[in-house]
Protein chains: 2
Amino acid sequence: MTLSLDDFDLKLLMEVQRDAHIPQNELGERVNLSTAAVNRRLRRMSDAGVIRNYAAIVAPEKVGYPLTIIATVEVESEQIDLLDSMKRTFAQCPEIQQCYYVAGEWDFVLILTVRNMEEYTALTRQLFFSNNNVKRFKTLVSMSSVKVGLGVPVAPEGV
Amino acid sequence: MTLSLDDFDLKLLMEVQRDAHIPQNELGERVNLSTAAVNRRLRRMSDAGVIRNYAAIVAPEKVGYPLTIIATVEVESEQIDLLDSMKRTFAQCPEIQQCYYVAGEWDFVLILTVRNMEEYTALTRQLFFSNNNVKRFKTLVSMSSVKVGLGVPVAPEGV
DNA sequence: CATGAAAGAAGCCGTAC
DNA sequence: GTACGGCTTCTTTCATG
């Protein structure tokens, strides 16, 4: 079920995706709605799962994780239980920020954040080399995070 | 300059990365600190840029963006101004959630969120085909977002 | 059924210790 | 680091279009 969202909702989403600490009365001014209406709409979208959660976005390089790595993985077999097991392993690994199961030349794309190359090497051993279902993998080392976010382009019609 | 963070800070980061709407008094209970201390530490980390911002995380599929695409791009020339121009273009494109400039077989890795394949096709035309500096690109279509987040593994020593 | 105004509750944050 | 108190922000109620 897809909750119907009007332009007010979309504008609110746009705002809170960028900054979730704007007071609701100010949000109200920006979108021309009362504080109460803003509050109700945000709650409604949270309840409906449109807003999954509110999160503090941490700068990895400020907490000792200056390296971002993109890894692509090809599997040996696409047997469901083997895939599920890999997905669970990837999902549980704290250094893996994102994991996509993809169609195309590869089967998985991973985004990792690590302290240094040694840590990544250790992770490849743990995640890839010691997993019989990993046929091959490739590593791309990020030299610059040009853009990092999870923002969805929810602009009201015609922006 | 890297702000020194103790175990309290790391625990707080861990919590607020998952859920930034936990009241500070409850955060205090979880990490054994007073509300005021929690408040001061969070502010300190925000000011220092450790916490970049607070954001609402929106479920793309609930707002009409069910498709996640990973694109890799190879450039023709790595001339600085050409690269910068591409970075700017990618950063400004709202459908591009993430853009990494990488070393390895490719030069850029992009994560996009789109309404459907037609929209992606249009984007490739706009971003890749009409850009003379794009030598080739490859598309991986996500069939399942196994894990999506920007969380940094800031566990206090030994977790 | 969603809205705005206003009252009440909750959370934040400065001061003092 | 903790304790307190004023102030901001959030949330609920209620009357209205």
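Chain naming here is simple, since letters A, B, ... match the order of the sequence lines and numbering starts at 1 in each.
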Quiz item: Once you round it to whole Å, what is the distance between P of D/dG1 and CG of B/Leu42?
Solution: 12 Å
Quiz item: A/Asn53 versus B/His21: any side-chain heavy-atom pair under 4.5 Å?
Solution: no
Exercise. Could you walk me through whether A/Phe128 and A/Phe108 pass the ring pair (Phe, Tyr, Trp, His ring centres under 6.0 Å) test, one step at a time?
Key: CA-CA 12 Å; A/Phe128 305 147; A/Phe108 286 100; 9.6 Å; no
Quiz item: What does B/Thr35 touch in the nucleic acid at a heavy-atom separation under 4.0 angstrom: a base, only the sugar-phosphate, or nothing?
Solution: nothing
Exercise. Establish, with yes or no, whether the OP1 or OP2 oxygen of D/dC10 is under 4.0 angstrom from a side-chain nitrogen or oxygen of A/Arg43.
Key: no
Self-check item: Proximity to the side chain of B/Ser34 - top-ranked nucleotide from D/dT2, C/dT3, D/dC10
Solution: D/dT2
Quiz item: Could you give the CG-to-P distance, from A/Leu27 to D/dT8, as a whole number of Å?
Solution: 18 Å
Practice problem: Could you tell me whether A/Arg40 contacts a base, only the sugar-phosphate backbone, or nothing, with contacts defined as non-hydrogen atoms closer than 4.0 Å? | Solution: base
Quiz item: Could you give the CG-to-P distance, from A/Asn39 to D/dT12, as a whole number of Å?
Solution: 7 Å
Quiz item: Hey, does A/Arg30 have a side-chain heavy atom less than 4.5 Å from the side chain of A/Ile22?
Solution: yes
Exercise. Could you check how far CG of A/Leu33 sits from P of D/dC10, rounded to whole Å?
Key: 15 Å
Quiz item: How many Å lie between CZ on A/Arg44 and C1' on D/dT11, as a whole number?
Solution: 17 Å
Quiz item: For the pair made of OH in B/Tyr54 and C1' in C/dG11, what is the distance, rounded to whole Å?
Solution: 14 Å
Quiz item: For the side chain of A/Gln24, counting heavy atoms from C-beta on, which of C/dA2, D/dC10, D/dG1 is nearest?
Solution: D/dC10
Quiz prompt | Heavy-atom side-chain proximity of A/Phe137 to A/Glu74 below 4.5 angstrom | solution = no
Practice problem: State whether the side chain of A/Gln97 and the backbone N or O of B/Leu150 hold a donor-acceptor pair below 3.5 Å, judged by distance alone. | Solution: yes
Self-check item: Nucleotide C/dT3, atom C1' - distance to CZ of A/Arg41 in whole Å
Solution: 9 Å
Quiz item: What nucleotide among D/dT9, C/dG11, C/dG4 has an atom nearest to a side-chain atom of A/Pro23?
Solution: D/dT9
Practice problem: Determine the contact category for A/Ala37: base if any of its heavy atoms lies under 4.0 Å from a base atom, sugar-phosphate if only primed atoms, P, OP1 or OP2 are that close, otherwise nothing. | Solution: sugar-phosphate
Self-check item: Value in whole Å for how far the P atom of D/dT8 lies from CG of A/Asn25
Solution: 11 Å
